[in-house]
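Hydrogens, waters and symmetry mates play no part in the numbers below; they use all other heavy atoms, side chains included.
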Amino acid sequence: MSAARFAGRVCVITGAGSGLGRATALRLASEGGHVACLDLALDSARKTVAEIESAGGRAGAWVVDVAEPKAVRAAVDALVADLGRPQVLVNSAGLGKFANSHEMPFEDWARIIGVNLTGTFLMAQAVLPQLLAGGGNIVNIASNAGLMGAPYSAAYCASKGGVVNLTRALADEYLTRGVRVNAVAPGGIATPLQSSFRDLPPGADPSLLGKLRSPLGMATPEEVANLVAYVASDEARYMTGSIVSIDGGITT
């Protein structure tokens, strides 16, 4: 495994057990990063670690529910003790589902907001002292659903819209303190998360979903991970507070 843009850097990635998080972990590790793979599903995170280690890289796996402050703090403390000071944080953990907004259970709303938005904040809050100690950057995974309305997706749109402005707020706050904060906003990605959006709620109008589809189809996790890697690298030194779309032209 050849060292490159992330040689020797500790990179923390949430949702690293599958989908975009896994693809990002593999990509940063392939460029020399020492990767902390965080996921609620520890076995899945360990599989990502095994892939990295089999290619000659260094990585570790930690279980965390990003919506729980104590769990986040414990995971960050543990990975710092094992791998060292983080220089990159990628907030990729996320979930969502379709629902009629007037029928959506509060528990579903709270969980989506808790993981996608609160979890992004809690991870940033826990890792920021490490980044401030010597520089680094955060890449939040937003969505084109955070830049436009989408039917049957009130909680998901609200959470990702929150991630967009959270990114801008943090970028502004830490602009002169050696920490960059950006977001990547994908459209559809061929990942397990897509299965959560397979079932429409009762009475839904499928024609309303047309604006969410690109003639280019869905991105692969690796395509989006390539962009994440660029934004997290020193090549993107002049980027902070940016929301970078990669959605097949949906939000043009």
Side-chain angles (χ1 to χ4, degrees), residues 14-24 39-41 44 64-68 71 90-123 140-169 183-225 227-228 243-252:
T14 68
S18 64
L20 177 56
R22 171 184 170 275
T24 301
D39 205 291
L40 186 59
S44 297
V64 65
D65 181 343
V66 296
E68 295 294 333
V90 180
N91 281 307
S92 186
L95 53 83
K97 63 184 297 186
F98 282 138
N100 288 313
S101 295
H102 65 286
E103 297 174 333
M104 187 175 203
F106 174 75
E107 292 76 14
D108 290 349
W109 166 274
R111 184 60 180 164
I112 291 171
I113 298 294
V115 171
N116 296 359
L117 178 54
T118 304
T120 296
F121 171 75
L122 291 175
M123 283 299 307
N140 296 323
I141 304 304
S143 169
N144 60 357
L147 302 173
M148 58 184 280
Y152 316 116
S153 305
Y156 191 73
C157 288
S159 69
K160 293 301 186 176
V163 169
V164 166
N165 237 23
L166 172 63
T167 298
R168 292 171 174 149
V184 170
I189 312 174
T191 69
L193 180 60
Q194 287 298 315
S195 63
S196 300
F197 290 102
R198 185 172 298 150
D199 297 325
L200 288 175
D205 180 356
S207 69
L208 296 180
L209 301 177
K211 68 176 184 178
L212 305 180
R213 300 188 181 99
S214 166
L216 301 181
M218 290 193 292
T220 68
E222 291 74 21
E223 286 173 320
V224 181
L227 177 58
V228 174
I243 314 299
V244 188
S245 294
I246 176 170
D247 64 4
I250 291 173
T251 52
T252 55

Does any part of the side chain of [Y], heavy atoms only, come nearer than 4.5 Å to the side chain of [X], both counted from C-beta?
X	Y	value
P151	K211	yes
I141	V228	yes
V66	N91	no
N116	L95	yes

Say you draw a straight line from [atom1] of [X] to [atom2] of [Y]; how long is it, rounded to the nearest 0.5 Å?
X	Y	atom1	atom2	value
Y152	L212	OH	CG	11.0 Å
E223	L20	CD	CG	11.5 Å
I246	N144	CD1	CG	11.0 Å
S159	L166	OG	CG	11.5 Å
T251	L147	OG1	CG	6.0 Å
N140	R168	CG	CZ	12.0 Å

Which atom names give the shortest non-hydrogen contact between [X] and [Y], and what distance separates them?
X	Y	value
I243	A185	CG2-CB, 4.2 Å
R22	G17	CB-C, 4.1 Å
P186	A142	CD-O, 3.5 Å
G248	L216	CA-CD1, 3.9 Å
L209	F98	CD2-CZ, 4.0 Å
I113	A158	CD1-CB, 4.2 Å

Please tell me whether S44 and D39 have a donor and an acceptor in their side chains that are separated by less than 3.5 angstrom.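 Note: S44 and D39 side chains miss the donor-acceptor criterion.
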Scan side-chain atoms only and decide if S245 and D247 contain a donor-acceptor pair under the 3.5 Å cut-off.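 Judged by distance alone, the side chains do not pair up.
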Any donor-acceptor pair under 3.5 Å linking the side chain of T14 with the backbone of S92?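 Judged by distance alone, yes, a pair lies under 3.5 Å.
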For the pair D65 (side chain) and A67 (backbone), establish whether a donor and an acceptor sit closer than 3.5 Å, ignoring hydrogens and angles.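 The answer is yes, because a donor-acceptor pair under 3.5 Å joins these two groups.
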Mind checking salt bridge (charged side-chain N to carboxylate O under 4.0 Å, His left out) for R213 and listing every partner two or more places apart, or none if nothing turns up?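 Partners of R213 by the salt bridge (charged side-chain N to carboxylate O under 4.0 Å, His left out) criterion come out as none, since no residue qualifies.
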